[in-house]
Amino acid sequence: MEILAFGVQADERPLLERAFAGHHDIHCLDVFLTEDTAPIAAGHEAISTSVNAILDARVLRLLAAGGTSMIAQRSTGFNNIDLDVAEELGLTVARVSSYSPYSVAEFAWTLAMAVNRRIVRASGRTREFDFRLDGLMGRDLRGRTAGVLGTGKIGEAFTRIAHGFGMHLLGWDIAENPACVELGMRYVDKDELLAASDLISLHLPLLPATQHLIGRDALRAMKDDAILVNSSRGGLVDTDALVTELRKGRFTGVGLDVYEAEAGLFFLDKSLEPLQDDTLARLVTFPNVLVTSHQAYYTEDAVGQIVDATVRNVDDYAAGRHSENVLVPAAPPGTA
Ligand code: NAD
């Protein structure tokens, strides 16, 4: 089969090409899948997409009309895919249900430490030979409280590191994780976690129930000197409400690897264009905010696992096998 892969990063391309060799032909594109680019997929039974692809009803209908019947999403999250419409169209959609949770958990900690210890500002200063410490004071984490919203695979890995720092551990989830309880985590309600935590890290999927979970009220419930890290999905945080609170001078630091309007921006070079997103433009002006463009998963280990799982997903589809990675169980190939 020939697979057309959209949104392939330069570092990812050789990994994809190597993994698919001997299985299927892969053709990699750096453009993301949108309504404008969907026609390129015409004639390809299987395509592969990345996290910022737009797989809404219109795009899915274009793909189906062009003969596509399988979508191999190269991520865990699938909030960008209208699964009901995919099912209605008889498409098979598979994702990568798990890969190194350490990639994301370690990056969440990188953001937390960078904002706490003012690393970006310090680096800028030393490059200018300004060796003063004014404005660079951080806080010890030992003995302080980490609040983890979502204690699944990534939340657990984050919690293990917090435990290593000697932090008190609070958790909030619909299901308790025994491994986190064993580390000393106390599960509390969300309001208690928000009010008591010095560092709050989000590790939840984006669902209708979690959309803008961190909105105006949640932000106001947080300590003025808290650190907030979001390495999950941008839609968990109401960014306008966050900007309003930041303007009051609140929070020691905010580290964001994801942003609710990131599609069409993140992973792209926009440096020569006037930025049209005023919220993002304002966000990056705060000295206590660090924004990265959805790179938490971007380690050799995690991307290698994502690529291998994507090959398996296409193999399973071609062989008519069901796997736990299939989100929409369409009819086997040939009957769809
Ligand atoms: P997971 O499924 O192992 O854990 C998610 C946790 O959220 C589970 O414990 C679950 O019980 C809990 N949960 C689900 N719905 C909830 C709700 N309504 N209220 C409270 N708790 C709820 O997932 P994971 O592998 O730990 O990934 C977490 C998230 O991280 C993903 O959904 C994805 O959005 C994000 N992620 C981001 C990147 C990145 O590069 N920035 C990479 C991978 C994953």
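Indexing begins at 1, ligand by ligand and atom by atom, following the structure's order.
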Numbered atoms and elements of ligand 1 in range of [X], under 4.0 angstrom, heavy atoms:
X: A296; result: 39 (C), 40 (O), 41 (N)
X: Y297; result: 40 (O), 42 (C)
X: V104; result: 38 (C), 42 (C), 43 (C)

Any heavy atom of [X] closer to ligand 1 than 4.0 angstrom?
X: L206; answer: no
X: S232; answer: yes
X: W172; answer: yes
X: G77; answer: no
X: Y99; answer: yes

- Message: Please tell me whether V284 and L246 are part of a single hydrophobic cluster in this structure, the criterion being side-chain heavy atoms less than 4.5 Å apart.
- Response: yes

- Message: Within a 6.0 Å radius of atom CD on E88, are there more than 12 heavy atoms belonging to other residues, nucleotides or ligands?
- Response: yes

Which bit of [X] is near ligand 1, meaning a heavy atom under 4.0 Å away: side chain, backbone, both or neither?
X: L207; result: side chain
X: H203; result: backbone
X: I174; result: both
X: I154; result: both

- Got the closest protein heavy atom to atom 23 (O) of ligand 1, with its distance? K153 NZ, 4.3 Å

- Item | Shortest protein contact, atom 36 (N) of ligand 1 (heavy atom only) | R233 NH1, 3.7 Å

- Message: Test side-chain hydrogen bond (donor to acceptor under 3.5 Å, both in side chains) on D240 and T279; report intermediate values, then the result.
- Response: CA-CA 7 Å; D240 288 325; T279 304; 3.1 Å; yes

- Note on the structure: Judged by heavy atoms only, the candidate from T151, L236, T210 nearest atom 18 (N) of ligand 1 is T210

